[in-house]
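Structure first, then comments.
The sequence lines fix the lettering, A, B, ..., with proteins before strands; numbering per chain opens at 1.
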Amino acid sequence: MDDLYRDYILEHYKRPKNFGELDPHDLEALEHNPLCGDELGVHIRVRDGRIEDLRFHGHGCAISQAAASIASEELKGMSLKDVAELDADWMIDLLGIPVSATRRKCALLNLKVVRGAVTGDRAWPA
Amino acid sequence: MDDLYRDYILEHYKRPKNFGELDPHDLEALEHNPLCGDELGVHIRVRDGRIEDLRFHGHGCAISQAAASIASEELKGMSLKDVAELDADWMIDLLGIPVSATRRKCALLNLKVVRGAVTGDRAWPA
Amino acid sequence: MPPVAERTLEVRADFPIFARRFDGRELIYLDSGATSQKPQVVIDALADHLQSHNANVHRGVYALAQEADAAYEEARQKVAAFVGAAAETTIFTKNVTEAINLIAYSWGRANVGAGDAVLITQMEHHANIVPWQVLCRERGATLRYLEVDERGELSLEALDAELARGDVRIVAFAHVSNVLGTINPVAEMTRRIRAAGAISLVDGAQAVPQMGVDLGSLGADFYAWTGHKALGPTGVGVLHGRRELLEQMEPFLTGGDMIASVDFQSASWNELPYKFEAGTPPIAEAVGLGVAVEYLSGLGMENVRAHERALTAYMLERLVEVPGLRVVGPPEAEHRGALASFTLEGIHPHDVAELADRGGVCIRAGHHCAQPLMRCLGVGATARASVGVYNEASDIDALVSALNAGREVFGL
Amino acid sequence: MPPVAERTLEVRADFPIFARRFDGRELIYLDSGATSQKPQVVIDALADHLQSHNANVHRGVYALAQEADAAYEEARQKVAAFVGAAAETTIFTKNVTEAINLIAYSWGRANVGAGDAVLITQMEHHANIVPWQVLCRERGATLRYLEVDERGELSLEALDAELARGDVRIVAFAHVSNVLGTINPVAEMTRRIRAAGAISLVDGAQAVPQMGVDLGSLGADFYAWTGHKALGPTGVGVLHGRRELLEQMEPFLTGGDMIASVDFQSASWNELPYKFEAGTPPIAEAVGLGVAVEYLSGLGMENVRAHERALTAYMLERLVEVPGLRVVGPPEAEHRGALASFTLEGIHPHDVAELADRGGVCIRAGHHCAQPLMRCLGVGATARASVGVYNEASDIDALVSALNAGREVFGL
Ligand SMILES: Cc1ncc(COP(=O)(O)O)c(C=O)c1O
Ligand SMILES: Cc1ncc(COP(=O)(O)O)c(C=O)c1O
């Protein structure tokens, strides 16, 4: 079996969850992966300090799309305060595959976008 | 005996001929050796299309001072047309010592200045 | 057409990296468009210079400094001769990016003003786009793009039409596109540009490594390229320019070596090419590049081109066998440089490259520093395989196998 | 004082150039101020990178590209750690000259305007003079010089007085003078500069190779140095900057790698440090420099300094024995870097260097890219002997003998 392209990764890539637009929304952000030009945006609806719902849009590789899809399920219902504290390990663990240094940005792009929408911080998750 | 610092070179260095100012003069020029910052200027008096008299001023190493001193004797009486055609070999031969690539500019600075005064050309003699 | 193998240069043994094994496998390097591998003679020359001839250049009286000086200037002469340029108008930079920035700053700021236009093309590398954006914004000038047609080529008529508008001061374009592979008709373009009273800058980053370049017949006012793609070391690039232009221009980087004299409030400039080489230059790197172009000359640039063209033709042929694969750029190998950029349906280019790597094949994926072109092509990214003198037909076969295997991983 | 030999590092064997013979004689290299010799480990690292790990950085998915990436970024980390800086604010340039130009263009053009002043010192290298002349002329600002006193030092009171005028936006000065050897009180100067609301740029070209530099305690806003003087290869320099400043600044060179995204008419910038590294960087050179600073750390910078200070003290002692010789700069070795510039009555510095070379001794002569300082000193040029980790007391003895022999040639 492939280390990286596991079945569930490819499944999320081909049929990503929570992709599309969300209108109206309370928060949004859009970021690029400078390495490949991929673009990922997010729309977030907030209720009582929590992410009530969210949608990603844009295009990317299997890793970045699967990461966004997998994360989207976890992010729903999370408090904004907790979202602000999410770090790279959270995402990498959640993804469950070995991510090389070069592909790390692919895996972390969605978290960068979400954290950017919530906190305004545009740094890469560390 | 020293190859470079022959007696006549040192003699010209210590007691250079035709150094000083010449007023009035018809032509003049001033140049730097970019390698060491040395400065050499010339004043030239012209009569009937020939160098009637000339004086160098400035400071420099034994090679550049001796070259100017030795050349000054040859230049006196030369037609401006002939001066314009003088090349690097003329000067190096006149100097009579082996000049390394680095010291070449030292040896040629006076010719550059004189040619510059006569023709306006500021290139290094080739 | 004779089989590819017949026309193959046999030089792989000259390149030490191919002795390496990756998880027991040989290196299959199809990314020379990003950077070339280096023959041992180049690495040895670089190392030998640092080991036995190292001193700073231009000012030392002692024997070692004279050796360093001579080595550096000899490298300049070799590099200039390689493309038919004069040594005095051949400037060493750190890469082609610096060379283009030099022109945009020094020539551009003095010659491009409000109401003027800079013309580039849709197939440019960011290095030949962003400096012009910056210049145009600063000077109130307009940046226009020559279109790339569906074959991936420029139109001379479109160039004429742009020039006829009368506001174009400079046209900057690639000799060979790093994405499409397109070989642009430089001589015809520069003739038109000159006739229109504009200046030409040609980005030869991809061209110099793979074909004979003769600046005399190309007629460009400025021509720039980069050492690391031409079998040379990193850290050195080259700018050639027309003497009158270089002489009129203000310097770009300022500091030591590029001056004739410095006073407290002002300075005067050294002669060409030093006026444009501020500070200690990449001495050992230039020496290495001198040996690289000597090595290429030894192979013969017509042989290099023939070898790479044959491989490219073979690559184009084989790639279409992969279902869902679409190559961008001119369809015929005669009209393109030694590369093929492509998309593969159902697999993002990043994953294509990752899957190729599993087959031991090194290819690049992304926007290739040509985002505007990606937009024109209607894609976010492509995968790109590019060949060099050391490649063989079996490398292409390995790529095709890896792509097919990759499609299986993705369930296609 | 213990004899010099006791405090001598024994590293000459690490430097391959000393195995060479010139007309049968050993190399006596007293020109490290111009460029240092390179230990074999540095040359090997550079060659090994090109031989076995060469690929372009930042975009490759394949294993080889990841190695190249990792090697380049590891070099950045080593270089940053060596001077107590953060990797993200450590930018690789081609030399210190480019680094200073970067600040003069990017920070200077946005922050220095008409009525403002740039303050430098009379002891600066052309690399830290001419970019400011260009900036001030372009912006209608004033360039002022802090005076050097008869000891060859700056006065903090004079600095205070300049800052009190209220128009100084940036103060750019050398950590260690390449002519006088003066070690400037950087921390005290930057404290005053910051208190006055101005920015500091320190030219560490001569300092980093010879003493422990800790940017945390020096407090400079920008600190720049150059690889080839610090046992590293040519073709690589370093700029460290305060993050907020670097973040606010527009980029300098533009092109590939330094962008986040490029559209037809505009672009956005990549994060630090990449925003300031346009195009393919000096990858193998950075790797070499990483090993150079590792080598220096292995020796211990306090030992390097102790070794070179002892040799400098010995040199000052011995040089005064030569009749007519006058050393410029601070008289005590504690207050100066590892060099001595001098004039010799009756012999032009150029001839002094030539005569030294006959004794097999490499020293430099000229204005040392510091013509304004030469004017202050009232000389056209000086000779300069500078020492490195590989020098020994016998090198100084050879210099003194050569100078004495030279005086005889000149009949003095
Ligand atoms: C104090 C100082 N600044 C700047 C430089 C310029 O260094 P580079 O030529 O490597 O840019 C030097 C060395 O020449 C120097 O000694
Ligand atoms: C066409 C073209 N122009 C410019 C560049 C930039 O070269 P460098 O990164 O060496 O400056 C490249 C390569 O990346 C290229 O392919």
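Neither the backbone nor the side chain of D/His49 comes within contact range of chain C; no heavy atoms are under 4.5 Å apart. Both the backbone and the side chain of D/Leu50 come within contact range of chain C, judged by heavy atoms closer than 4.5 Å. Interface remark: D/Ile129 contributes side-chain atoms only to the contact with chain C (heavy atom separation under 4.5 Å). Looking at D/Glu67, the atoms closer than 4.5 Å to chain C (heavy atoms on both sides) all sit in the side chain, from C-beta outward. With a 4.5 angstrom heavy-atom cutoff, D/Phe15 does not touch chain C via any of its atoms. In this structure, chain C has a heavy atom under 4.5 Å from the backbone of D/Ile363, while its side chain stays farther away. With a 4.5 angstrom heavy-atom cutoff, D/Glu250 does not touch chain C via any of its atoms. Interface remark: C/Arg358 contributes no atoms to any contact with chain D (heavy atom separation under 4.5 Å). In this structure, chain C has a heavy atom under 4.5 Å from the side chain of D/Asn95, while its backbone stays farther away. Only the side chain of D/Arg109 comes within less than 4.5 Å of a heavy atom in chain C; its backbone stays farther off. For a residue to count as touching a neighbouring chain, one of its non-hydrogen atoms must lie under 4.5 Å from one of that chain's; by this rule D/Leu46 touches chain C with the side chain only. For a residue to count as touching a neighbouring chain, one of its non-hydrogen atoms must lie under 4.5 Å from one of that chain's; by this rule D/Glu138 touches chain C with the side chain only. Both the backbone and the side chain of D/Phe264 come within contact range of chain C, judged by heavy atoms closer than 4.5 Å. For D/Pro281, the part sitting under 4.5 Å from any heavy atom of chain C is the backbone (N, CA, C, O) and nothing else. In this structure, chain C has a heavy atom under 4.5 Å from the side chain of D/Ile259, while its backbone stays farther away.
When side chains are defined from C-beta on, D/Leu373 does not count as touching D/His367, because their heavy atoms never get closer than 4.5 Å. Between D/Thr121 and D/Tyr145, the closest side-chain pair of non-hydrogen atoms is not below 4.5 Å. A heavy-atom distance below 4.5 Å is not found between the side chains of D/Leu30 and D/Ser386.
Salt-bridge formation is detected for the pair C/Glu98/D/Lys94: a Lys NZ or Arg NE/NH1/NH2 atom is positioned less than 4.0 Å from an Asp or Glu carboxylate oxygen.
Among C/Asn54, C/Val134, C/Val42, C/Val61, the residue making the largest number of heavy-atom pairs under 4.5 Å with chain D is C/Asn54. For the set C/Gln51, C/Gln40, C/Arg137, the count of heavy-atom pairs under 4.5 angstrom toward chain D peaks at C/Gln51. Comparing C/Cys136, C/Ala365, C/Pro282 by heavy-atom pairs within less than 4.5 Å of chain D, the highest count is held by C/Pro282. Interface summary for chain C: among D/Cys369, D/Ser52, D/Ser32, the most heavy-atom pairs under 4.5 angstrom belong to D/Ser52. When each of C/Thr234, C/Thr97, C/Thr142, C/Thr226 is scored by its heavy-atom pairs under 4.5 Å with chain D, the top score falls to C/Thr234. Interface check for chain D: of the options C/Ser266, C/Ala34, C/Gly360, the most heavy-atom pairs under 4.5 Å are formed by C/Ser266. Contact count against chain D (heavy-atom pairs under 4.5 Å) is highest for C/Thr280 among C/Ile283, C/Val96, C/Thr280. Across D/Met258, D/Glu285, D/Lys38, D/His53, the residue that shares the most heavy-atom pairs under 4.5 angstrom with chain C is D/Glu285. Annotation: maximal heavy-atom pairing with chain C below 4.5 Å, among D/Ala370, D/Ser261, D/Ala284, occurs at D/Ser261. For the set D/Gln133, D/Gln37, D/His228, the count of heavy-atom pairs under 4.5 angstrom toward chain C peaks at D/Gln133. Annotation: maximal heavy-atom pairing with chain C below 4.5 Å, among D/Val130, D/Thr254, D/Asp357, occurs at D/Thr254. For the set D/Ala65, D/Ala356, D/Gly235, the count of heavy-atom pairs under 4.5 angstrom toward chain C peaks at D/Gly235.
Here CG of C/Asp203 is found 6.5 Å from CD of C/Glu124. Values are rounded to the nearest 0.5 Å. If you take CD on D/Gln122 and CE on D/Met374, they are separated by 12.0 Å, rounding to the nearest 0.5 Å. Atom NZ of C/Lys275 is separated from atom CG of C/Leu253 by 13.5 Å, given to the nearest 0.5 angstrom. Taken to the nearest 0.5 Å, the OG atom of D/Ser36 stands 9.0 Å off from the NZ atom of D/Lys229. To the nearest 0.5 Å, atom CD1 of residue D/Ile28 and atom CG of residue C/Leu64 are 12.5 Å apart. The structure places CG of C/Leu289 at 9.0 Å from CG of C/Leu231, a figure rounded to the nearest 0.5 Å.
When the shell of 6.0 Å around CD of C/Glu147 is examined, it contains 12 or fewer heavy atoms from other residues, nucleotides or ligands.
In summary, the aromatic rings of C/Phe18 and C/Tyr29 are positioned with their centroids too far apart to meet the 6.0 Å limit. Aromatic pair C/Phe252/D/Phe252: centroids less than 6.0 angstrom apart. For C/His368 and C/His125, the gap between ring centers reaches or exceeds 6.0 Å. Taking the six-membered ring for Trp and the full ring otherwise, D/Tyr72 and D/Phe92 have centroids separated by under 6.0 Å.
Between the side chains of C/Asp31 and D/Tyr62, at least one donor N or O sits under 3.5 Å from an acceptor N or O.
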